[in-house]
Amino acid sequence: MDSRKEAVTFDLQRVLIVSASPINSVVVSRIVTLCGLKATKNLPDVAIGSMWPQCPGTIILDDAHKAKGFDEILTHLTSLRTASEGQQPMVILLSTETRLDENAPIAGIIDEVIAKPITTEGLLPILDRLSKRQASDSGQ
């Protein structure tokens with residue numbers, strides 16, 4: 001039996017950045033820390049290991065709808081969102097497009113889409129808003 005099917009807890013102070021680009025990961029992690037959150041960076045093919053036993057409250061995916069290697073984490077995120085009735089974890093998509101096609105396979109798990117290039121002014125308010133929403137949803 002896979003022990004990962006047990007109940008997952010979420011650390012609302014942690015943010016997992018999943019990107020094939022080391023440069024994008026560093027830029028995004030610096031912005032995340034400005035918000036007072038703890039950032040963890042991972043490549044798409046090993047990111048699921050960072051989600052167990054305690055899952056970050058927010059996941060930032062860098063071009064996950066276009067890049068290769070995201071299939072496993074997208075499947076895992078879909079399962080987590082289904083189990084938590086769509087509440088956890090919060091998922092942000094970094095994209096060259098400003099909107100995600102509502103018929104895209106990952107549309108149901110994305111809370112926010114942020115257009116590239118990533119800037120502090122673009123990402124910080126969204127992280128702040130999602131953090132407040134998580135805190136109110138969890139009663140913290």
Side-chain angles (χ1 to χ4, degrees):
M1 180 176 177
D2 184 0
S3 62
R4 292 182 187 204
K5 298 212 186 284
E6 297 172 13
V8 175
T9 59
F10 295 92
D11 181 350
L12 303 183
Q13 295 301 306
R14 265 182 63 217
V15 176
L16 174 61
I17 301 149
V18 184
S19 178
S21 166
I23 294 170
N24 286 353
S25 292
V26 169
V27 170
V28 173
S29 71
R30 290 205 175 139
I31 296 170
V32 166
T33 57
L34 288 174
C35 199
L37 301 169
K38 296 175 234 157
T40 304
K41 305 175 295 249
N42 262 322
L43 295 170
D45 57 342
V46 295
I48 288 180
S50 299
M51 299 173 71
W52 186 258
Q54 192 171 48
C55 186
T58 303
I59 312 291
I60 299 176
L61 304 172
D62 184 15
D63 269 337
H65 61 305
K66 293 181 179 180
K68 294 186 183 213
F70 280 87
D71 292 342
E72 188 176 0
I73 192 163
L74 291 172
T75 300
H76 189 66
L77 287 172
T78 300
S79 298
L80 288 172
R81 292 291 292 248
T82 300
S84 70
E85 298 176 0
Q87 298 298 314
Q88 298 288 337
M90 297 292 183
V91 181
I92 298 171
L93 175 66
L94 308 178
S95 176
T96 53
E97 301 164 8
T98 56
R99 295 184 57 214
L100 182 64
D101 178 2
E102 62 186 44
N103 295 321
I106 66 170
I109 64 166
I110 302 298
D111 293 294
E112 294 281 345
V113 177
I114 301 175
K116 290 181 176 183
I118 304 306
T119 64
T120 303
E121 296 79 17
L123 184 55
L124 205 55
I126 290 173
L127 284 170
D128 190 43
R129 185 174 67 245
L130 289 178
S131 293
K132 287 178 183 172
R133 188 171 104 193
Q134 284 179 319
S136 68
D137 288 349
S138 67
Q140 290 184 355

Could you pull out all donor-acceptor pairs under 3.5 Å where a side-chain atom in residues 104-118 meets a protein atom, sequence neighbours excluded?
residue	atom	partner	partner atom	Å
Asp111	OD1	Arg81	NH2	3.2
Asp111	OD1	Arg133	NH2	3.1
Asp111	OD2	Arg81	NH1	2.8
Asp111	OD2	Val91	N	2.7
Glu112	OE1	Arg129	NH2	3.3
Glu112	OE2	Arg129	NH2	2.5
Lys116	NZ	Asp62	OD1	2.5
Lys116	NZ	Asp63	OD2	3.1

Drop me the distance from [X]'s [atom1] to [Y]'s [atom2], to the nearest 0.5 angstrom.
X: Ile48; Y: Leu74; atom1: CD1; atom2: CG; answer: 9.0 Å
X: Thr119; Y: Ile31; atom1: OG1; atom2: CD1; answer: 6.5 Å
X: Leu77; Y: Cys55; atom1: CG; atom2: SG; answer: 7.0 Å
X: Met90; Y: Leu12; atom1: CE; atom2: CG; answer: 8.5 Å
X: Leu61; Y: Ser19; atom1: CG; atom2: OG; answer: 9.5 Å

Tell me whether [X] shares a hydrophobic cluster with [Y], the cluster being built from Ile, Leu, Val, Met, Phe, Trp, Tyr side chains joined at under 4.5 Å.
X: Ile73; Y: Phe10; value: yes
X: Leu124; Y: Val27; value: yes
X: Met51; Y: Leu130; value: no

With sequence neighbours excluded, residues passing side chain to side chain donor-acceptor pair (under 3.5 Å) with Ser25: none

Side chain to side chain donor-acceptor pair (under 3.5 Å) partners of Ser131, counting only residues at least two apart: none

For residues [X] and [Y], determine if any side-chain heavy atom of one lies less than 4.5 Å from a side-chain heavy atom of the other.
X: Val32; Y: Thr58; value: no
X: Leu127; Y: Leu34; value: no
X: Ile92; Y: Ile126; value: yes

All salt bridge (Lys or Arg N to Asp or Glu O under 4.0 Å) counterparts of Glu97, not counting sequence neighbours: Lys66

Qualifying residues under salt bridge (Lys or Arg N to Asp or Glu O under 4.0 Å), relative to Asp128, sequence neighbours excluded: Lys132

Selection residues 24-52 - residue pairs positive for salt bridge (Lys or Arg N to Asp or Glu O under 4.0 Å), sequence neighbours left out: none

All side-chain contact (heavy atoms from CB on, under 4.5 Å) counterparts of Thr75, not counting sequence neighbours: none

Val46 versus Asn42, closest heavy-atom pair with distance: CG2-OD1, 3.6 Å

Sole candidate of Val18, Ile17, Leu16, Val15 that passes side-chain contact (heavy atoms from CB on, under 4.5 Å) when paired with Thr40: Leu16

